[in-house]
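Read the structure below first, then the notes.
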Amino acid sequence: MIRNVFGLIYAGEENHNLRDLVMHRSVAALPVGGRYRAIDFQLSNMVHSGIRNIGIITQKNYKSLMDHLGSGKDWDLSRKNNGLFMLPPYDTSQNTSLYHGICDAIYAKLDYVRRAPQEYCLLTGSYTIYSTTYDEMMRAHIENNADITMLYNLDPPNTDAERFKEVRIETDDSGRVCDIEFDSHIAKSHKLGMDIYLLKKSLLEYLIQSAVARGRYNFVSDVLIPNLHSLRVQAVEHQGYVGRLHSLLSYYDLNMDMLDESVRWDLFHAGAPVYTKIKDEPPARYMATAQVTNSIVSDACEIAGAVHGCVLSRGVTVGRNASLNGVIVMQDSQIQEDCVLENVIIDKYVTIHKGRHLIGAPEFPVIIRKGAVI
Amino acid sequence: MVVNKKRCVAMLLAGGQGSRLGVLTKYRAKPAVPYGGKYRIIDFPLSNCANSGIDTVGVLTQYQPLELNTYIGTGAPWDLDSITGGAFVLPPYVRSGKPGEWYSGTANAIYQNLYFIERYSPEYVLVLSGDHIYKMDYTEMIRFHEQKGADTTIAVLRVPLSEASRFGILNTDEELRIVEFDEKPKQPKNDLASMGIYVFNWQKLKRYLQEDARNSASSHDFGKDVLPAMLAGGERMFAYRFDGYWKDVGTVESLWEANMELLTETPGIRLRDPEWRIYARNPNQPPHYAGDHAEITTSMISEGCYIYGTVRNCVLFSGVIVKEGAEITDSVIMQDTVIERNAVVRRAIIDERAYIGEGAVVGGMEQITVVGSRAQIAPASRVAEGARIEPVGELAAKGGDAE
């Protein structure tokens, strides 16, 4: 348990690679794995590590995130002391426009940082999905006498993929980071950063203020890279599964990965449960004509058709004789009789009328935006 | 201490042993019996209270209270953890200067908690039982009570005359005013059966409870003693007709049937009802997973289940694992039970955390078979149809003394 740490989650980053999925919501609020939102994993990781003070910096489209989190009760974060703090943007004399990057976002919320009674800060974004606790990271941080400790996993560079601010690192034998390739098309390193940094609060305040004073806003390119020699930046490998919401395809892949037994085990059953908002829906219903294999199905679904290799969120209905293959369906969408869907991502509250055919490809899924009627 | 005055306080009688449920109630009270894939019976009256705007609920427990007490907690899952109200578990206790005593009857249980109710000086007290499955808006019943200028209102359900002799029947006049109680009549004159749901004017009820407590000949039961005494005392008592779904799951057969009924095309009770949600404590499990060779038809499956085998006409609670080649039909499988490879389960209720070994055969086509919680069924063994396999206590399961 690492009680002397507060969490700071930057949920303000925009990522247009995710297209229609983030038109009305922040990446942190993206539905994944049937019943979860992206941020559930990070919040659960922190809570299970003993962190009880978590600030979430938001920027645009944060209504769905606020709806989801509420008081933080479902993550055990509705507490008398500490708890969950939503930090939405507001105009002040120092802050009059959109954040350029994480540095001026934190700068705008320095009040919160200053008042946090914990000595350490765990700083993270919201588009990396994995299950762990941070005790080991903290132990390594102290043992290495590090200034900053970051997590990475092994993931070879893929030049075809749509990248989103990838942080690839080189380390020496002691695990010290000696080089960083940031958002590079010609990256070589297999060590891919997980968008999470542990450091002393006092150091964070200093680094943020000195970056902003020089008109620099990016934590990796403006803070980490120029300071690699003066600061001891250590990296710890995370060996479990890591999913990234870098693009539509990586979103699709992340959900499909969850159909794999070892991934599901690593994310949901290896440690403590992943917390999420409780919706009080009844169990899923399978009708006499249902044929469901290799799929994740959430509460309140009603299935009368064939569903193979799919991820269904809560309250999805699949009509008789409909056939779904490699499809992700978000909450309360309806797929009527005789539809044929392959490799499709269907957002919330969508209606697909009887007999429609929508065919995508595994490497190019079709996306149907929220509320569409087809 | 200042406590807000409440219009209505609910008292939920949750001490029922449910002895006809046999092995299912050896280690839990009847209201804690699981139903419908994620609920316990007590979720229904508690959710009804929350949905009716009644935020102060005393839950009277006595028999095997631990499972129920931990389940209810602060009442937060039912939204009852409010500032001025709450869910309060009220076990029997020792008063200063008096010997402690168990709740000797339903009326005595309320009598022993007069002080709890007095804190709120309510106008009405709603007495509920934790034994039935139904959705009911209690505010409508209270409105009826007010319109009739009643002292006591009893909710009633029409039953077929042929079955009326199993129930407490109320004989009423045209205005629905009660003129006679007919407990399990051989020759029923009416078809209105009491549902065990009462609204009382608190001041009246208090007086009758105090009189009843002084009467050493009384069995301190609402149906047998207090309600007849009120009628004899000339109080205005009315029957409130309820025509929704109402099910007593007091026996293994009726519990099994109530679950199977959820699998029909249009079940009598709609669980997916955004207007009247039934709340339950949530197990925080991922959505369930159906494997490559899974065959699931006409079934209800909850979060955290892993299905690799065949499931037909079943209700599965959260965290159930059905391995490859296993075949379960017409059964209710409760939380975290594991069905090993090639096991066969038919027409059975398998309680929580049980283990059905590889190739075991449980149950048959006629009578219902029950396997108690944490029971271990050996691989390749056979549990005869209609059998009742005893549960294993929590401590015993962990290698401690038997309870």
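Scope of the values below: all heavy atoms of this structure, side chains included, with no hydrogens, waters or symmetry mates. From a predicted model like this one, the values you see are computed outputs, not experimental measurements. All chains are named by letter (A, B, ...) in the order of the sequence lines, taking the proteins before the strands, and each is independently numbered beginning at 1.
Contacts of B/I307 with chain A are absent, with no heavy-atom separation under 4.5 Å from either backbone or side chain. Interface remark: B/F317 contributes no atoms to any contact with chain A (heavy atom separation under 4.5 Å). Interface remark: A/L267 contributes no atoms to any contact with chain B (heavy atom separation under 4.5 Å). Using a 4.5 Å cut-off between heavy atoms, B/L316 does not touch chain A at all. Heavy atoms closer than 4.5 Å to chain B are found in the side chain of A/F268, but not in its backbone. Contacts between A/V297 and chain B at a heavy-atom distance below 4.5 Å involve backbone atoms as well as side-chain atoms. Contacts between B/R277 and chain A at a heavy-atom distance below 4.5 Å involve the side chain alone, from C-beta outward. Of the two parts of B/A280, only the backbone, made up of N, CA, C and O, holds a non-hydrogen atom closer than 4.5 Å to a non-hydrogen atom of chain A. If you measure heavy-atom distances from B/D81 to chain A, the contacts under 4.5 Å come from the side chain alone.
Taking the six-membered ring wherever Trp is involved, the centroid distance between the rings of A/Y134 and A/H48 does not fall below 6.0 Å. Ring centers of A/Y130 and A/H238: under 6.0 Å apart, within the cut-off.
Of the listed residues (B/Y134, B/Y279, B/Y35), just one forms a ring-ring contact (aromatic ring centres under 6.0 Å, His included) with B/F44, and that residue is B/Y35.
A salt bridge is absent between B/R346 and B/E327; no separation between the charged side-chain nitrogens and carboxylate oxygens falls under 4.0 Å. Under a 4.0 Å N-O distance rule, the pair A/E281/A/R314 does not qualify as a salt bridge. Salt bridge annotation for A/R25-A/D347: present, with a cationic side-chain nitrogen under 4.0 angstrom from a carboxylate oxygen. With respect to A/K279 and A/D299, no salt bridge is recorded, no charged nitrogen being found less than 4.0 Å from a carboxylate O. In this structure, A/D260 does not pair ionically with A/R264, as no charged nitrogen and carboxylate oxygen lie closer than 4.0 Å. Under 4.0 Å is where a charged nitrogen must lie from a carboxylate oxygen, and between A/D332 and B/R272 at least one such pair does.
Ranking A/K73, A/Q291, A/H269, A/E261 against chain B, the residue ahead of the rest is A/H269, based on heavy-atom pairs under 4.5 Å. Taking chain A as the reference chain and counting heavy-atom pairs below 4.5 Å, the highest number among B/S302, B/G37, B/P77 is found for B/S302. Ranking B/Q285, B/E295, B/R312 against chain A, the residue ahead of the rest is B/Q285, based on heavy-atom pairs under 4.5 Å. Interface remark: of the candidates A/S298, A/G34, A/A304, A/S298 forms the most heavy-atom pairs closer than 4.5 Å to chain B. In terms of heavy-atom pairs under 4.5 angstrom with chain B, the leader among A/A288, A/G33, A/A290 is A/A288. When each of B/D292, B/L262, B/L263, B/L271 is scored by its heavy-atom pairs under 4.5 Å with chain A, the top score falls to B/D292.
The cationic group of B/R40 lies under 6.0 Å from the six-membered ring centre of B/Y71 and within 45° of the ring axis, placing it in a cation-pi geometry.
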